[in-house]
Amino acid sequence: MENNETRTIYADNAATTKMSRTAIDTMVKYMEETYGNPSSLYVVGQKAKEALEAARAQVAGVINADPREIYFTSGGSEADNQALVSAAVLGAKKGKKHIISTAFEHHAILHTLKKLEKEGFEVTLLPVHENGLVRPEELEAAIRPDTCLVTIMFANNEIGTIQPIRELGAICRAKGVLFHTDAVQAMGHLPIDVAADNIDMLSASAHKFHGPKGCGFLYARKGIALTNIIEGGAQERGKRAGTENVPGIMAMAAALTEAAGKIDAYSAKLTPLRDRLIAGLSKIPHSALNGDAKKRLPGNVNFCFEAIEGESLLLLLDDKGICASSGSACTSGSLDPSHVLLAIGRVHDVAHGSLRLTLGEDTTEEDVDYMIRSVAEVVERLRSFSPVWRELQQGKRQFIL
Ligand SMILES: *Cc1c(COP(=O)(O)O)cnc(C)c1O
């Protein structure tokens with residue numbers, strides 16, 4: 001097949017998604033027509049207030065929550081921060097200062113945990129093993145009388161592995177410990193029912209499900225007193241100050257309703273494409289899939305290639321019109337490999353050669369085949385220049401993969 005250089009394949013849906021037409025139209029409508037401040041008493045303001053409350057009910061309905069349990073935030077990071085700080089404040093009041101999480105959480109969680117450690121909290125990070133999954137019996141064993149919070153992500157943003165959330169939640173419930181989940185990667189892509197899944201608090205972000213950036217929500221079960229991390233006016237039941245981002249929230253609710261309505265179709269379409277991509281990339285010598293092959297998000301593919309530098313791989317794929325990610329922190333100028341890959345036991349050298357491709361609704365089988373050919377070509381080319389690869393070939397170095 002021809003190598004069509006002009007095409008662009010967006011395969012970084014875990015980083016962000018393109019806004020849906022419905023979300024864009026909703027956003028524009030509320031910017032143009034319903035511009036009032038929801039806190040104002042005149043009709044123009046009250047129209048915005050009514051819309052906001054309708055959006056809250058819509059979001060709540062998708063996850064089987066009560067509208068009063070939904071707090072709009074500026075995104076996933078803020079929701080994560082507020083959930084953890086709130087649970088810590090509640091725990092400290094009872095003299096409970098132990099928190100359980102995992103080593104491969106998003107930095108919005110890990111950095112907040114670091115801050116809490118400095119304030120005297122003790123944090124246990126559960127292992128996620130080679131398959132990228134928490135073992136429920138290990139959570140059960142880690143819970144102590146002074147544990148105030150368990151926070152475990154629903155699905156991982158780098159390797160896509162999906163935790164047994166319902167089971168983990170049931171363990172926490174039985175032990176009377178608050179259970180928070182960062183569901184940013186799962187929301188709109190997997191069915192979520194906060195009641196059935198035993199979830200006390202949950203974070204979500206609109207831009208990961210075809211809504212706008214800078215908009216998200218925190219679900220907190222009735223009776224859980226939140227601590228403000230933004231002080232000011234009495235918006236969001238007094239728990240999150242600041243004039244509500246009405247157009248963003250309306251677009252988020254529309255995008256979530258849309259995504260939730262087609263979860264089955266989305267999964268049925270993406271799962272075979274994901275598996276085709278995994279099968280194709282597995283044929284590249286000395287490569288390995290990261291994370292469980294089946295218990296992963298329908299669109300997530302993450303590989304390591306021996307003797308490859310992730311950044312070079314990304315640049316050459318960009319030349320071929322493929323938008324991908326390494327999942328590592330190298331973009332920030334540091335050479336630290338991904339904490340997620342290290343958490344599943346990849347050694348530094350191998351973790352540096354990672355590639356994450358996250359498919360979306362628009363991805364076609366042709367795109368997948370083009371990605372397989374392109375990655376194979378680029379890996380071969382990079383290896384042909386690589387002194388490490390030469391040493392591996394000459395037997396001066398041992399293959400890891
Ligand atoms: C993207 C992401 C976040 C951060 O969400 P923002 O809305 O970008 O702040 C948090 N957790 C996970 C798992 C994510 O993928």
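Counting convention: from 1, in listed order, for ligands and their atoms alike.
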- Message: Using ring pair (Phe, Tyr, Trp, His ring centres under 6.0 Å), reason through F399 and W389 one step at a time and then give a plain yes or no.
- Response: CA-CA 9 Å; F399 280 105; W389 184 250; 5.7 Å; yes
- Query: Which residue holds the protein heavy atom closest to atom 3 (C) of ligand 1, what is that atom called, and what is the gap in Å?
  - Reply: H106 NE2, 3.5 Å
- Note on the structure: Under 4.0 Å from one or more heavy atoms of G75, ligand 1 contributes atoms 7 (O)
- Task: From the options A183, G76, G214, select the one whose nearest heavy atom is closest to atom 5 (O) of ligand 1.
- Result: G76
- Query: Cationic tip of R7 within the cone over Y370's six-membered ring, i.e. under 6.0 Å and within 45° of the normal?
  - Reply: yes
- Query: Does any donor atom in the side chain of N81 or T112 lie under 3.5 Å from an acceptor atom in the other side chain?
  - Reply: yes
- Does NZ or CZ of K97 come closer than 6.0 Å to the centre of the six-membered ring of F121, within 45° of the ring's axis? yes
- Message: Taking distance alone, with N or O pairs closer than 3.5 Å, would you say S74 contacts ligand 1?
- Response: no
- Give the residue and atom name of whichever protein heavy atom lies nearest to atom 8 (O) of ligand 1, and the separation in Å to one decimal. H207 NE2, 2.9 Å
- Item | Flag, side chain of D367 to backbone of I9, donor-acceptor distance under 3.5 Å | no
- Heavy-atom contacts with S77 under 4.0 Å: which atoms of ligand 1 show up? List them by number with element. 4 (C), 5 (O), 6 (P), 9 (O)
- Item | pair T16-K213: side-chain heavy atoms closer than 4.5 Å | yes
- SB check R21 D25 (cutoff 4.0 Å): yes
- Message: Out of all atoms in ligand 1, which are within 4.0 Å of some heavy atom of M153? Include the element for each.
- Response: 13 (C)
- Could you check which of T73, D182, T16 puts a non-hydrogen atom nearest to atom 13 (C) of ligand 1? D182
- Task: Heavy-atom contacts with K208 under 4.0 Å: which atoms of ligand 1 show up? List them by number with element.
- Result: 1 (C), 2 (C), 3 (C), 14 (C), 15 (O)
- May I ask you to identify the nearest protein heavy atom to atom 7 (O) of ligand 1, giving residue, atom name and distance to one decimal place in Å? S205 OG, 2.6 Å
